[in-house]
Engineer: 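My structure is below; once you've seen it, I'll send some questions.
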Amino acid sequence: MPISIVPTDRVFVLTGAGISAESGLPTFRAEDGLWAGFRVEDVCTPDAWRRDPAAVWAFYSARRAQGAKANPNPGHIALAQIEEQIPGRFFLCTQNVDDLHERAGSTNLHHMHGELAKSRCERECGGAPVPDVAVYASLDEVPRCACGGRLRPHIVFFGEIPLEMPRIEREIARSTLMLVIGTSGSVYPAANFVHWARQAGARTVYIGPERPLNAAAFTQIVEGKAGEVLPGLFRVER
Ligand SMILES: NC(=O)c1ccc[n+]([C@@H]2O[C@H](COP(=O)([O-])OP(=O)(O)OC[C@H]3O[C@@H](n4cnc5c(N)ncnc54)[C@H](O)[C@@H]3O)[C@@H](O)[C@H]2O)c1
Ligand SMILES: [Zn+2]
């Protein structure tokens with residue numbers, strides 16, 4: 001039975017690493033606790049950046065190279081097709097730093113944890129993030145900002161505040177249907193979004209092969225891989 005999206009619905013979607021798994025990008029919590037051979041604390045924290053920027057850039061350069069080879073899968077495409085049918089009533093917030101949602105055609109999209117294809121000044125000197133897909137072989141190749149600071153990946157490290165939280169909160173408050181896809185419910189504040197949506201009275205649907213840690217907060221759980229389950233899961237009513 002497809003899930004109906006009715007004309008009064010406003011849809012808020014939260015995606016995590018799971019939606020990109022079928023595109024060949026590894027999810028976060030692999031069996032061995034490593035992410036592409038790195039310990040998260042060594043490459044995804046402000047402390048790691050201060051201690052060893054070369055290791056941080058080595059990791060994100062490798063992810064850029066990997067991301068460039070990946071393509072959107074039917075899960076990304078299904079979400080773009082829903083948005084096309086309900087323009088203005090659809091907001092997609094992703095925890096992913098890859099660009100597979102935009103390449104699938106999603107437009108009202110927010111990358112709460114940053115974007116792999118951008119860099120910004122480490123000193124937050126006021127400039128906007130700049131497009132940057134370079135794969136740096138060494139730290140010497142990494143450009144400096146006009147202020148002298150080094151460019152860092154435009155990524156929200158663990159311990160940093162996600163981008164544009166007030167905008168996310170506003171979108172959740174006015175949504176009537178929240179879809180959460182491929183996220184383990186272990187990274188905050190994203191793991192709390194479903195609770196905020198429930199408080200605002202929204203229906204909440206989880207889609208993924210395993211139950212997330214915050215499973216109890218969902219009104220419905222659809223078990224399966226995003227690329228297999230999402231196409232055809234929703235029916236847009238006119
Ligand atoms: N592609 C990316 O940009 C990427 C990749 C890895 C991690 N991250 C970052 O790591 C953090 C980890 O949190 P997270 O909750 O997103 O990831 P996570 O690794 O903690 O959880 C991944 C989730 O995806 C599910 N999953 C696996 N295969 C799936 C499939 N085919 N379809 C649907 N779901 C599937 C798993 O059951 C799991 O619940 C996030 O902050 C994110 O920014 C991003
Ligand atoms: Zn600067």
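Counting starts at 1 for both ligands and their atoms, in listed order. Note that the numbering runs from 1 along the sequence shown for the chain. Reckoned from all heavy atoms, side chains included, excluding hydrogens, waters and symmetry mates.
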Engineer: Please identify which atoms of ligand 1 are closer than 4.0 Å to at least one heavy atom of Glu22.
Structural biologist: 30 (C), 31 (N), 32 (N)
Engineer: Hey, can you tell me if Trp57 and Tyr136 have their rings parallel, tilted or perpendicular (30° and 60° cut-offs)?
Structural biologist: perpendicular
Engineer: Taking 4.0 angstrom as the limit and counting only heavy atoms of Ala21, give me the atoms of ligand 1 inside it, by number and element.
Structural biologist: 28 (N)
Engineer: Under 4.0 Å from ligand 1, counting heavy atoms only, is it the side chain of Lys225, its backbone, both or neither?
Structural biologist: both
Engineer: For residues Phe91 and Ser175, determine if any side-chain heavy atom of one lies less than 4.5 Å from a side-chain heavy atom of the other.
Structural biologist: no
Engineer: When you measure from atom 18 (P) of ligand 1 to each heavy atom in Ser23, Ser184, Pro212, which option holds the nearest one?
Structural biologist: Ser184
Engineer: Would you mind listing which atoms of ligand 1 come within a distance below 4.0 Å of any non-hydrogen atom of Glu210?
Structural biologist: 36 (C), 37 (O), 38 (C), 39 (O)
Engineer: Is it true that Ile19 and Val222 fall in one hydrophobic cluster, defined by side-chain heavy atoms closer than 4.5 Å?
Structural biologist: yes
Engineer: Please tell me if the side chains of Leu233 and Pro2 come closer than 4.5 Å, counting only heavy atoms from C-beta onward.
Structural biologist: no
Engineer: Measuring from atom 1 (N) of ligand 1, which candidate in Leu25, Asp98, Asn96, Val97 has the nearest non-hydrogen atom?
Structural biologist: Asp98
Engineer: Run the numbers for me: atoms of ligand 1, each under 4.0 Å from some heavy atom of Pro26, listed by number.
Structural biologist: 5 (C), 6 (C)
Engineer: Given Pro209, Cys44, Ala191, which has its nearest heavy atom closest to atom 33 (C) of ligand 1?
Structural biologist: Pro209
Engineer: So that I can tick it off, tell me whether Asp132 and Arg64 are bridged by a salt bridge, with the cut-off set at under 4.0 angstrom between side-chain N and carboxylate O.
Structural biologist: yes
Engineer: For residues 193-215, pull every pair meeting side-chain hydrogen bond (donor to acceptor under 3.5 Å, both in side chains), keeping only residues two or more places apart or in separate chains.
Structural biologist: Asp9-Arg203
Engineer: Hey, does Arg63 sit under 4.0 Å from ligand 1 if you only count heavy atoms?
Structural biologist: yes
Engineer: Heavy atoms only, cut-off 4.0 Å: how does Ala190 contact ligand 1, side chain, backbone, both, or neither?
Structural biologist: neither
Engineer: Between Thr15 and Gln95, is there a side-chain donor-acceptor contact under 3.5 Å, judged purely by atom types and distance?
Structural biologist: no
Engineer: Any ring pair (Phe, Tyr, Trp, His ring centres under 6.0 Å) involving residues 116-135? Give me the pairs, sequence neighbours left out, ordered by first then second residue.
Structural biologist: none
Engineer: Using non-hydrogen atoms of the residue, decide whether Gly227 is closer than 4.0 angstrom to ligand 1.
Structural biologist: no
Engineer: Between Tyr60 and Ile155, is any pair of side-chain heavy atoms under 4.5 Å apart?
Structural biologist: yes
Engineer: Give the minimum heavy-atom separation between Asn71 and Leu100, together with the two atoms involved.
Structural biologist: C-CD2, 3.7 Å
Engineer: So for ligand 1, is Ile181 a polar contact partner (N or O within less than 3.5 Å, distance only)?
Structural biologist: no
Engineer: Salt bridge check: are Glu160 and Arg152 linked by an N-O gap of less than 4.0 Å?
Structural biologist: yes
Engineer: Tell me, please: is Val187 in heavy-atom contact with ligand 1, that is, under 4.0 Å?
Structural biologist: yes
Engineer: Suppose the cut-off is 2.8 Å; which protein N/O/S atoms would you list for the Zn ion (ligand 2)?
Structural biologist: Cys121 SG, Cys125 SG, Cys145 SG, Cys147 SG
Engineer: Are any of the N/O atoms in Phe158 less than 3.5 Å from those in ligand 1?
Structural biologist: no
Engineer: Would you mind running through ligand 1 and noting each atom that sits below 4.0 Å from a heavy atom of Gly16?
Structural biologist: 16 (O)
Engineer: Can you list the ligand 1 atoms lying under 4.0 Å from a non-hydrogen atom of Thr183?
Structural biologist: 14 (P), 15 (O), 16 (O), 23 (C), 39 (O)
Engineer: Hey, is Glu237 close enough to Arg235 for a salt bridge, meaning N to O under 4.0 Å?
Structural biologist: yes
Engineer: Is there a path of hydrophobic side-chain contacts, each under 4.5 Å between heavy atoms of I, L, V, M, F, W or Y residues, that connects Ile161 with Leu14?
Structural biologist: yes
Engineer: Could you name each residue pair satisfying ring pair (Phe, Tyr, Trp, His ring centres under 6.0 Å) that touches residues 100-124, not counting sequence neighbours?
Structural biologist: His76-His101
